Amino acid sequence: MNHSFKVGLYIRLSRDDGNIESESIVSQRSLLNQYVKENNYGVVEEYVDDGFTGTNFDRPSFKRMIKDIEFGKIDMVITKDMSRLGRDYIGTGELIEKYFPSKNVRYIAINDGIDTFIDNTNNDIAPFKAIMNDMYAKDISKKVKTSLHSRMKEGLYVSGRCPFGYKKDPINKNHLIINEKQAEIVRLIFDFALKGKTYHFIAQELTKRNIKTPASYYNYVWNAKCLSQEYGIWVDTTIKAILTNRIYVGDIVQGKTKKINYKLKKIVKNNPIDYIIVENTHEAIIDRDLFNYVQTLLPKNVKRPEKKRTYLFDGLLYCGDCKHRIMIRYQNKTGRSYTICDYYRTYYKYHVCTTHTNNYEELESVILDKIKEVCKINLDKNQLKYFIENIKIENNTMKINKQMDSLKLENNKLTETLDKNYVNMLNGMIDKEQYIRISDSIKKEITNNELRISHLKNENNELSIIDNKQVEKYIEKVLSLENPTREFVMNLVEKIYIYQNKTIEIIFAFKNVT
Ligand SMILES: [Zn+2]
């Protein structure tokens with residue numbers, strides 16, 4: 001984690017939690033503070049929602065936290081456990097699985113052992129914890145028996161969000177009924193498709209007609225800054241999603257996605273064979289024959305041609321003014337490559353940003369010079385060594401030390417038990433035979449633990465030896481900075497902001513380097 005985090009602490013207390021002392025604001029705060037102190041994190045903000053339920057996200061401090069994430073004020077959120085974040089499975093899941101990763105925000109739930117930036121088996125159980133927190137808030141006895149999967153098979157609509165064009169039946173929330181206002185838009189889209197119009201054409205046409213986008217109907221708080229909401233712009237992918245969704249003929253297709261990768265990757269798509277499809281579960285908006293016919297008209301998935309060129313700083317360039325990505329485009333005519341703000345490129349009609357055009361080759365050499373300069377001024381060899389060692393070894397060492405600590409603690413306890421066992425024998429509570437048997441097994445356990453501790457110690461030493469060599473090589477490279485590779489640059493630099501006025505701001509991946 002070559003990054004010093006800007007931490008936000010989130011604390012929530014509601015009446016559903018009863019009078020449990022461990023849930024009190026004071027005890028949550030002290031737990032969080034102890035944790036950040038132990039881990040040396042810098043706390044930027046504390047967010048406290050006192051007296052707010054976890055079953056929704058309509059809480060003032062929570063909203064403020066989301067705002068701060070949007071503005072980059074914090075990039076790490078810590079709570080006592082997941083239920084503090086929320087007790088609504090869908091919402092909390094969205095937050096942890098999609099929203100936080102999309103903003104590159106690290107999330108830690110201390111008591112649940114969840115850290116979204118560390119590959120940890122605890123993260124795999126996060127969804128289940130979220131479900132459990134959800135159940136706590138709702139009717140427990142009813143929910144325990146029915147798994148999500150079997151409910152899908154029954155044709156119940158179990159997603160949190162309603163598909164565009166439908167709303168949840170007020171009598172049965174797992175049943176969909178038509179939302180006439182939105183259904184009209186769906187029919188309009190199919191009409192266009194029937195006339196052979198492209199996704200792009202349809203999207204533009206709807207935008208022109210000022211028709212509300214699906215996204216604008218869902219006001220999840222953390223989507224508040226979502227572009228499509230601000231501008232009501234229809235995008236091709238939305239049109240495609242609607243035109244290919246069988247929900248509109250009355251079928252429910254669920255289980256399209258599975259296991260989540262917490263390391264910043266999106267949800268994995270399921271094989272279509274594994275989809276759970278139940279037909280005619282609700283009223284259709286589009287006639288089945290018509291739908292099938294439209295499918296034959298839709299453009300086939302065309303594979304994108306592979307990118308021919310690779311650029312040293314590709315993926316690191318960001319627009320300094322609007323913070324979106326800067327793309328690099330090769331121009332056949334001139335044989336040169338140019339930068340352009342992607343936000344500007346996509347929505348130039350709406351004047352959301354400016355071009356940010358630069359000749360890429362020139363830009364690259366300017367940035368390289370800048371990096372060299374900064375390296376020379378700020379980094380002496382020892383300092384650099386310290387930074388890199390810190391970053392590379394920190395995580396592994398921390399893990400190993402934790403394991404060793406817990407083994408030592410266990411041995412202390414075992415020794416205590418051993419003493420007690422002796423006293424018990426003296427008191428006549430157990431006979432000598434029992435004493436020997438119990439003592440032997442405890443001693444065995446202690447020896448095993450000691451063995452494991454010494455293994456871990458070796459592991460720790462080896463780790464630092466290997467890394468030291470790597471670090472030395474790395475330092476040589478940094479100080480010379482000749483023909484850097486992309487991988488090397490990625491390790492050194494986190495982001496490069498390009499401003500319209502040609503200012504360049506380089507965010508280094510090392511701590512304290514300015
Ligand atoms: Zn821009």
Side-chain angles (χ1 to χ4, degrees), residues 3 6 66-75 98-105 199-200 203-204 206-208 210 213 215-216 220-238 264 266 304 307-334 336-371 374 486 489-490 492-509 514:
H3 187 108
K6 293 169 276 180
I66 295 297
K67 220 181 201 173
D68 285 348
I69 289 173
E70 288 291 337
F71 286 106
K73 193 174 161 193
I74 58 168
D75 57 11
K98 289 187 192 158
Y99 178 71
F100 285 159
S102 79
K103 296 290 167 191
N104 218 348
V105 167
Y199 298 141
H200 192 65
Q204 285 198 316
L206 296 187
T207 307
K208 235 190 262 168
N210 271 330
T213 60
S216 63
Y220 275 82
V221 275
W222 52 88
N223 277 345
K225 292 275 302 173
C226 175
L227 172 90
S228 41
Q229 274 192 38
E230 276 176 43
Y231 296 97
I233 297 167
W234 285 80
V235 291
D236 302 7
T237 47
T238 308
L264 311 179
K266 296 270 148 65
R304 273 193 185 172
K307 239 191 199 170
K308 277 182 215 149
R309 282 158 195 282
T310 53
Y311 301 96
L312 191 58
F313 293 117
D314 194 7
L316 289 172
L317 303 180
Y318 288 84
C319 175
D321 299 294
C322 76
K323 311 296 177 206
H324 287 77
R325 272 181 193 283
I326 294 253
M327 313 292 281
I328 305 162
R329 288 294 162 100
Y330 177 72
Q331 209 175 54
N332 263 328
K333 244 198 287 177
T334 56
R336 291 174 147 204
S337 300
Y338 293 91
T339 60
I340 184 163
C341 167
D342 195 41
Y343 197 49
Y344 164 80
R345 188 188 60 79
T346 317
Y347 301 111
Y348 61 93
K349 277 187 194 165
Y350 303 94
H351 308 291
V352 289
C353 199
T354 48
T355 57
H356 294 74
T357 301
N358 292 280
N359 176 295
Y360 174 75
E361 281 82 12
E362 281 167 23
L363 188 72
E364 184 179 295
S365 80
V366 171
I367 293 174
L368 265 182
D369 283 348
K370 274 209 155 202
I371 291 177
V374 169
R486 229 180 99 71
V489 167
M490 297 289 259
L492 194 64
V493 173
E494 201 170 274
K495 270 183 179 178
I496 301 165
Y497 286 114
I498 311 291
Y499 292 85
Q500 183 63 40
N501 64 10
K502 310 269 174 191
T503 313
I504 297 167
E505 185 191 349
I506 302 172
I507 312 288
F508 286 90
T514 46

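Atoms within a ligand are numbered from 1 in the order they appear, just like the ligands themselves. All heavy atoms count here, side chains included; hydrogens, waters and symmetry mates do not. Source: prediction; values computed, not measured.
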Any side-chain donor near an acceptor of the partner, E505 and Y499, under 3.5 Å: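 Side chains of E505 and Y499: pair found under 3.5 Å.
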Show your working on side chain to side chain contact (heavy atoms under 4.5 Å, CB included) between I504 and I496 and close with a plain yes or no. CA-CA 7 Å; I504 297 167; I496 301 165; 3.8 Å; yes
Six-ring centre of Y318, K323 cation under 6.0 angstrom, axis tolerance 45°: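 Ring-cation test returns no.
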Kindly assign one of parallel, tilted or perpendicular to the pair H324 and Y343, based on the angle between their ring planes and the thresholds 30° and 60°.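 Ring orientation of H324 relative to Y343: parallel.
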Which protein N, O or S atoms sit under 2.8 Å from the Zn ion (ligand 1)?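 N, O, S partners closer than 2.8 Å: C319 SG, C322 SG, C341 SG, C353 SG.
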Tell me every residue that passes side chain to side chain donor-acceptor pair (under 3.5 Å) with R345, counting only those two or more places apart in sequence or in another chain.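 Expected list: D342.
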Which distance, rounded to the nearest 0.5 Å, do you find between the CD1 of I340 and the CD1 of I498?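 CD1 of I498 is found 13.5 Å from CD1 of I340.
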